[in-house]
Protein chains: 2
Amino acid sequence: MLHVAEAARVSVATVSALINGTATVSPQLRQRIEQAIIDIGYKRNAIARSLKMGTTRTIGLTVPHITNPFFTDVVSVIQQAFDRAGYAVMLCCTDEDLNTQDDQIRLLLDRMVDGLIVARVGDGAILKRIVDDANVPVVLLDRVCEGVDTDAVVLDNQRAVFDAITYLIDLGHRRIGYISGSFDISPMHDRMTGYREALQAAGLPVESELVRFGNFHEVDGYNATMQLLSLHDRPSAIFSANNPMVIGTMKAIRDIGLSCPEDISVACFDDFPWSDVFQPQLTTVAQPVKAIGEQAANLLLDRLAGNRDAPPRKLTLKGRLMIRNSCRPLGAPLGAIVQSVSA
Amino acid sequence: MLHVAEAARVSVATVSALINGTATVSPQLRQRIEQAIIDIGYKRNAIARSLKMGTTRTIGLTVPHITNPFFTDVVSVIQQAFDRAGYAVMLCCTDEDLNTQDDQIRLLLDRMVDGLIVARVGDGAILKRIVDDANVPVVLLDRVCEGVDTDAVVLDNQRAVFDAITYLIDLGHRRIGYISGSFDISPMHDRMTGYREALQAAGLPVESELVRFGNFHEVDGYNATMQLLSLHDRPSAIFSANNPMVIGTMKAIRDIGLSCPEDISVACFDDFPWSDVFQPQLTTVAQPVKAIGEQAANLLLDRLAGNRDAPPRKLTLKGRLMIRNSCRPLGAPLGAIVQSVSA
DNA sequence: AGAGGGCGATGAAACGTTTCGAAAATGATG
DNA sequence: CATCATTTTCGAAACGTTTCATCGCCCTCT
């Protein structure tokens, strides 16, 4: 900018005023400056600007895994939304690790991001502290956190799983295996509650041998399913509380020589692009990923636009049970499944 | 830092020296400063530091679509690699749009990213100009670009498709439909060449009616497949040059009342996590995503470590044909497929 | 003609660091 | 004890912007 100012024989203040439109500059100076900008190939240095202005027009986004299709989609939507608004987004993947998450959030705050969207991991205490003394707006995504009072957008997980399990019960299933992720994040807690309540509402017992825990990865789903399938009285259906784990479930079923839905019905949380292309077409709980991402972006953009003091807003969206053909009616002849699906 | 210096009754220079370890400071001052840092809760402002140092420890990464599983995986790997190295990554999705890409790259350069990894889109001319006057290292990912002489890591696309098509030919297929992405990026060009050469090597004609173009999305694959399937003499196999489009292919096959692999064989570029779980298990060309991401990261990290003047390095990795059961031997009884697969 | 007002342009301070040369303190040496 | 060498500390400039108070200028009004 200094060079531009010299070339145009004006002060840097005038150049700045022209670029930002913060003051009117006379036609002849405008002309000279614009020419100088072109000649020199001047590009404004956003870092210097950020330092002075105290804003970077950059936000931080942390998710556990970008390869989980739910987060892939949400990240994509959020990125688009902020791109439209002229913001850059710094992406971090915490890999479900608490320390990694803390480091990354600190990294982001050091870089003076203007806001944060966090799909948190692990214990909320440290997150709370970080969020408290970071004086940037934070919106929690997918996973809320007791004690951290801030904007959030989550799914009605309990209801969604309740509906899914009820669907299985209505099909005649009585022993329904349930594979949960680690219990320290809210959705897993709520989903489990939905499972329990659905069973109870149907007067069925909640048997602990039917509930397995995993750490969100395919291999965890595989192991959990192996355990469920080797039970003396094995379940007739399995519900997996997240998407990567259900891949493990399907592989375990295959490896053990069973097939879905003939021998065992399967449903899971989170839809994915291939769900209705291949066989079996998995029955899933689809989250409104587009809405979730957009709402999260909107909440944050609203804060960034200056609405700092509004009380925390918590949006709860509804999941949708996508019924396909991976769950069969118990007792019904096999042909009935195909029927009900193609309908 | 000023506050810390005052609280510890030292100069800011000393505080800086201590924090960065650029000079030895006496035990008593060290003690006082460290205490002051804790008391005040001081966090170094990375923006101010960047301004002074001329480096942000941040890189820019642009990909066409993050929802394409190939890019999802690559982004994930790259993010991890830079995270380990203490770099942040700014992610941009260009949505296959040239203008968007230009805007985003400019945005990234304004923010003084230290380097750029670009899975480019469209015409390379503008990219070349941008890259030239950005004086940061750039590595091209997946898609190279004539005239842009810089580090790159790509797949041997031609060979990979050659192998896949040859496989289909060996199975007895003679009329093989090919669905390409837009032709202005190198992989699509190379893949098409692989297709042509495989046919020619087998003495088969290259028929233009069997080649369709799409814009990388599911819907494009759907439309292209519909056209192929309504040909008077329809192909017995279809190869889709990218992953999202093959979903459209499968849906079109289903909607038209055919099935895969019984009526039509299908193979595609890019593997995905579900490929060997559901039926049909798609035969795919798997890219070594982990290696691609890591190599790209390493190339850039090496430049960032100071190795600026080495000549451009171009890494070419090999794809791997993952043979599953979505392609059937022509003329063989149907049972043979299942056989060959479960083996 | 002098005062007041609006407009355009500017100088300089500030944002929070790093760094360099110089100053001060310390220790060693003759 | 004076001198020198070495270590430790510091002041101030610089990075590239934005912004605010000020200044000159021209116009209009009394």
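From a predicted model like this one, the values you see are computed outputs, not experimental measurements. Naming: A, B, ... by sequence-line order, numbering from 1 per chain.
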| request: Report yes if a side-chain nitrogen or oxygen of A/Asn20 is closer than 4.0 Å to either non-bridging phosphate oxygen (OP1 or OP2) of D/dT18; otherwise report no. | output: yes
| note | A/Ile19 CD1 to C/dT10 P, in whole Å, measures 14 Å
| request: Considering just the side-chain nitrogens and oxygens of A/Ser26, establish if one lies under 4.0 Å of OP1 or OP2 belonging to C/dA9. | output: yes
| query | What does A/Thr14 touch in the nucleic acid at a heavy-atom separation under 4.0 angstrom: a base, only the sugar-phosphate, or nothing? | reply | base
| field | Interatomic distance, B/Glu6 CD vs C/dT17 P [rounded to whole Å] | value | 13 Å
| Is there a donor-acceptor contact under 3.5 Å linking the side chains of B/Arg303 and B/Asn298? | no
| Which is true for A/Leu29 with a 4.0 Å heavy-atom rule: it touches a base, it touches only sugar-phosphate, or it touches nothing? | sugar-phosphate
| said: Pick the closest DNA chain C nucleotide for A/Val12 and for A/Gln28 by heavy atoms, then say which residue is nearer the 5' end. | reply: A/Gln28
| field | Separation of C/dT10 C1' from A/Ile33 CD1 (nearest whole Å) | value | 12 Å
| task | Report the distance from atom CG of A/Leu2 to atom P of C/dA12, rounded to the nearest whole Å. | result | 14 Å
| task | With heavy atoms under 4.0 Å as the rule, sort A/Ser16 into base, sugar-phosphate or nothing. | result | base
| message | In whole Å, I'd like the distance from the CE atom of A/Met1 to the C1' atom of D/dT18. | response | 8 Å
| query | Given atom NZ of A/Lys52 and atom P of D/dT18, what is their separation to the nearest angstrom? | reply | 10 Å
| request: Using the ring of B/Phe216 (Phe, Tyr or Trp, six-membered ring only), decide whether B/Arg143 places NZ or CZ under 6.0 Å from its centre and within 45 degrees of its axis. | output: yes
| Among the nucleotides D/dT8, C/dG16, D/dC10, which one has an atom lying closest to any side-chain atom of B/Ser11? | D/dC10
| message | Hydrogens and angles aside, do B/Arg111 and B/Thr58 bring a side-chain donor and acceptor to less than 3.5 Å of each other? | response | no
| Between B/Val25 and A/Tyr42, which is nearer to the 5' end of DNA chain D once each is assigned its nearest nucleotide? | B/Val25
| message | Can you see if the side chain of B/Arg44 gets near the phosphate of C/dT18 - specifically, an N or O under 4.0 Å from OP1 or OP2? | response | yes
| message | For A/Asn215 and A/Glu96, which I'm curious about, is there any donor-acceptor pair between the side chains at under 3.5 Å? | response | no
| Nearest-neighbour nucleotide for the A/Thr24 side chain, D/dA12, C/dG8, D/dT9 considered | C/dG8
| message | Using the side-chain heavy atoms of B/Arg49, tell me which of these nucleotides is nearest: C/dG8, C/dT17, C/dT10. | response | C/dT17
| request: Measure the distance from CZ on B/Arg32 to P on D/dT8 and round it to the nearest whole Å. | output: 15 Å
| Which of these nucleotides, C/dT17, D/dT17, D/dC10, is closest to any side-chain atom of B/Ala48? | C/dT17
| query | Once you round it to whole Å, what is the distance between P of C/dG16 and CG of A/Leu51? | reply | 7 Å
| Heavy-atom pair of closest approach, residues B/Asp114 and B/Arg57 | OD2-N, 2.6 Å
